[in-house]
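To find a chain, count down the sequence lines: A is the first, B the second, and so on, and within it residues start at 1. When reading the values below, keep in mind they use all heavy atoms of this one structure, side chains included, and skip hydrogens, waters and symmetry mates.
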2 protein chains.
Amino acid sequence: MMSNDTMKRIVLASRPDGPPTPDNFRLEELPMPAPGPGEILVRTIWLSLDPYMRGRMDAGPSYAAPVEIGATMEGGCVGQVIESNNPDFSVGDFVDHRFGWCTHGVSDGKGLRKLDPEVAPLSANLGVLGMPGMTAYAGLNIHGRPKEGETLVVGAATGAVGTMVGQLAKAQGLRVVGVAGGPEKCAYATETLGFDACLDHRAASTPHDLRVAMGEACPDGVDIYFENVGGKTLEAVLPLMNTFGRIPICGVISWYNAGGLGEGASEGQNHLPRTWRAILVKRLSVRGFIVTDHYDQFPEFLDLVGPMVKDGRIQYRETIAEGLESAPQALISLLEGGNFGKQLVAVSEDPTRK
Amino acid sequence: MMSNDTMKRIVLASRPDGPPTPDNFRLEELPMPAPGPGEILVRTIWLSLDPYMRGRMDAGPSYAAPVEIGATMEGGCVGQVIESNNPDFSVGDFVDHRFGWCTHGVSDGKGLRKLDPEVAPLSANLGVLGMPGMTAYAGLNIHGRPKEGETLVVGAATGAVGTMVGQLAKAQGLRVVGVAGGPEKCAYATETLGFDACLDHRAASTPHDLRVAMGEACPDGVDIYFENVGGKTLEAVLPLMNTFGRIPICGVISWYNAGGLGEGASEGQNHLPRTWRAILVKRLSVRGFIVTDHYDQFPEFLDLVGPMVKDGRIQYRETIAEGLESAPQALISLLEGGNFGKQLVAVSEDPTRK
C-alpha cells in the first residue's frame with residue numbers, strides 16, 4: 001500500500017528493440033502533488049492500454065512525439081477529483097484525463113471532460129464510448145462509407161476497435177466478417193457481437209489457409225477492409241477486395257513490434273508492388289486516419305452510440321489488470337493479442353462498479 | 001506496299017514472361033473488310049502506344065479482359081473514313097477509334113468521335129487531348145485535389161501523362177518536380193514544360209541517392225505524388241509525403257515487366273509494412289483510378305485543355321515509329337523508357353500534317 005503523501009507512476013526506462021520487455025519500464029514513487037490555485041487533484045481509477053502506445057515507445061517520427069526516456073508513459077484515463085481549487089469541479093466528480101500511467105495528477109481542468117456514470121460504466125469511456133469507439137465510428141463512416149448489403153472485414157475483431165466497427169456495420173446492414181486469435185474470441189464475435197463469421201488466424205497455419213477461409217466467408221468479395229492489423233490478414237483480404245473498395249487504416253498492430261519490417265506477412269517477398277497494383281486495378285481508396293483528426297464529431301458519436309451502449313445494442317468485453325504495477329505486462333500481452341476485449345488497468349477503486 | 005484489297009494487323013502470338021519480346025507479336029495480312037449497310041471503312045492514321053498495353057498481354061485478372069492469343073492487340077487510334085454507308089459519316093472525316101493494331105477497320109460508327117484538325121493536330125487526340133491527357137486531368141483534379149502552393153511529384157515526367165500532370169499543376173500554382181530518365185528529358189521538363197525541377201533517375205545509382213535528391217528538390221515536402229511508375233521513385237517520395245497528402249495511382253510502369261514482384265524497389269525487403277505505416281501516420285489518401293471511370297468529364301476536359309493546347313500553354317512531344325510493323329519494338333522500347341513524349345505509330349499518311 002501507498003501512503004497518502006506519495007503517488008506512483010511508470011516511466012519509459014529504455015526503448016524496446018522489437019517486442020517490449022518489462023525492463024523497458026520503471027515504477028517510480030514521487031511526492032503527492034498539491035493542486036495550486038484553480039487546480040484540481042485527481043486520482044486515477046482506470047488506465048486504458050492501447051496498441052498505439054507501442055509506437056510512442058520508439059524514437060522515430062510518427063503522428064505524435066515519442067515518450068521521452070524517463071517520462072511518464074502516455075495514456076487515457078478515467079479518474080475522480082479528490083481535491084479542488086477550481087469552481088468548475090467538485091470533489092467526487094468523475095473526469096477523463098490523459099495524465100498517463102500514474103496514480104494521481106494535477107490539472108487546471110482544461111481539456112478534462114466530466115463523466116456521468118449513469119450514462120455508462122466509467123470504464124466504457126475508455127472503450128466503446130471513448131477513443132477506440134470513436135476510432136471505429138470515424139473510420140467506418142467517414143472513410144469506409146458503408147452501404148447496406150456490402151461486406152466488411154475487420155481484424156482484431158474482439159478488440160476495442162474491432163468490436164465497435166463490426167457492431168456499427170451490422171447496425172447499418174452490412175455483412176461483417178471478423179478475424180481474431182483463438183476459438184473463444186471467434187465464438188464471442190459471432191454469438192455475442194452478431195458478426196456473420198469470424199476467422200481464427202491462429203488456426204490458419206499459412207497465409208494461404210487464411211486466404212482460402214476468407215474467400216469462403218466473403219462470397220461477394222470485400223467492400224470495406226477496416227485495417228487495424230496488417231500482416232497476413234491484409235494479405236488474405238487484398239485479393240478479395242471489390243472494385244471501388246475502401247481500406248481505412250487506423251493501425252497495423254501485427255507490424256508494431258517488427259520495427260516496421262514485416263513479420264506476419266509471407267517472408268522474403270516485397271508485397272508492395274502487388275498491393276499497389278491491386279489498388280490501381282480495383283480503384284481502391286486507402287486512407288490513413290488518426291482519431292484525433294475527427295474529434296469535432298465526438299458529440300454526434302456520443303449521441304448515436306451512447307444509447308446503443310445503454311440499451312445493450314452495443315456489446316463489449318473488458319480485460320482488467322489489477323494495479324498500476326501490472327500495466328507493463330498487460331501492454332506486452334495486448335501486443336501479442338493476449339487481451340479479450342478492451343484492455344484496462346484498475347489503478348484504484350471504482351466506486352460506481354457493483 | 002500493301003495492295004488495296006488486303007489489310008494488316010498485329011496479333012498477340014504468345015504471352016510474355018517478363019519484358020515482351022518481338023516473338024510475342026505476329027503480323028498478319030487479311031482480306032480488306034467491306035463495310036455493310038450503315039457501316040464505314042476507316043484507315044488508321046495514328047496508333048497510340050501506352051504502358052497499359054503490357055497488362056493486356058498477361059492472362060491474369062485486371063480491370064479489363066486480357067487480349068486473347070491470336071487476337072488483335074488493343075489500342076486507341078485516329079483514322080480517316082474511306083468508305084461510308086452511314087449518313088453520319090462522310091468519306092474524308094477524321095475519327096478516333098479503338099480498332100487496335102491494324103491498318104483498317106469497319107464500324108457502325110457507334111462510339112466513334114469525329115475530330116476537327118483545326119482544333120489540334122490529329123495525333124494530339126491520342127496524347128494531350130486524349131486518354132493520357134484525360135488521365136492526368138482526372139487524377140490530378142479529382143483524386144489529387146491540388147491547392148496553390150503545394151508540391152507535386154510525378155514520374156515519367158516527359159511521358160504523355162506526366163507532361164500533362166505537371167503542366168496542369170503548374171497552371172494551378174503548384175511546385176512541380178518531375179522524375180525522368182536521362183539529362184535530355186530532364187532539361188525538357190524544366191526548360192520547355194516549366195517544371196521547377198526534374199530528377200534523373202538514371203543518374204541516381206541507388207534508391208538512397210534518388211531519395212536525397214528528392215529531398216533537396218522538395219524542401220516543403222510533397223503534397224501530391226501522382227503515381228505512374230512505382231519502384232524507386234515511390235520509395236524516394238514516400239518519406240517526404242506531408243500530412244494529408246494524396247497519391248492518385250494511374251499506373252506502376254516500373255513494375256509492369258516484373259510480374260508484379262518488385263524490381264526497381266530495393267531488393268530483398270518487404271516494403272509494404274513501412275508503406276502502410278506511412279499512410280497511417282501521415283493520413284495519406286491513396287486512390288487507384290482508371291481513366292474510363294471519369295469519361296463523363298471528357299467534355300469539360302476538352303473545353304479546358306483544348307484552348308491551352310491550341311495557344312501553346314500546354315507543350316508536348318511525340319516519338320513516332322514509322323509503319324504498323326514497327327509497333328512491337330516501339331512498345332518494347334516504351335516499357336524501358338525509350339520514348340521521349342507521347343509514343344505514336346504512323347500507320348498511314350496524315351493529310352493534315354505539314
- Item | Min side-chain heavy-atom separation B:Phe289-A:Leu280 under 4.5 Å |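 In short, these two side chains do not touch, never coming nearer than 4.5 Å.
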
- Task: Examine whether an atom of A:Thr275 lies under 4.5 Å from a heavy atom of chain B, and if so say whether it belongs to the side chain, the backbone or both; otherwise answer neither.
- Result: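 Interface part for A:Thr275: side chain.
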
- Task: Measure A:Leu284 against the heavy atoms of chain B and call it side chain, backbone, both or neither at under 4.5 Å.
- Result: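 Backbone only.
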
- Item | Euclidean distance, A:Cys250 SG relative to B:Arg283 CZ, rounded to 0.5 Å |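 So the CZ of B:Arg283 and the SG of A:Cys250 are separated by 13.0 Å.
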
- What distance do A:Asn270 atom CG and B:Asn270 atom CG have between them, rounded to the nearest 0.5 Å?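 Reported to 0.5 Å precision, the distance equals 5.5 Å.
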
- Message: Between A:Ile290 and B:Val281, is the side chain to side chain contact (heavy atoms under 4.5 Å, CB included) condition met? List the steps.
- Response: CA-CA 8 Å; A:Ile290 309 290; B:Val281 167; 6.0 Å; no

- Begin from the C-alpha positions of A:Trp276 and B:Ile247 and carry the test side chain to side chain contact (heavy atoms under 4.5 Å, CB included) through to its verdict. CA-CA 11 Å; A:Trp276 231 231; B:Ile247 304 183; 4.2 Å; yes

- Would A:Val286 and B:Arg287 count as a side chain to side chain contact (heavy atoms under 4.5 Å, CB included) if you check the C-alpha gap in whole Å, the side-chain angles of each, and the deciding distance to 0.1 Å? CA-CA 6 Å; A:Val286 181; B:Arg287 177 58 153 80; over 6 Å; no

- Note on the structure: Scored by heavy-atom pairs under 4.5 Å with chain B, the best of A:Thr243, A:Val252, A:Asp293 is A:Asp293

- Task: Step by step, work out the side chain to side chain contact (heavy atoms under 4.5 Å, CB included) result for A:Arg274 and B:Trp255.
- Result: CA-CA 9 Å; A:Arg274 75 163 60 113; B:Trp255 286 326; over 6 Å; no

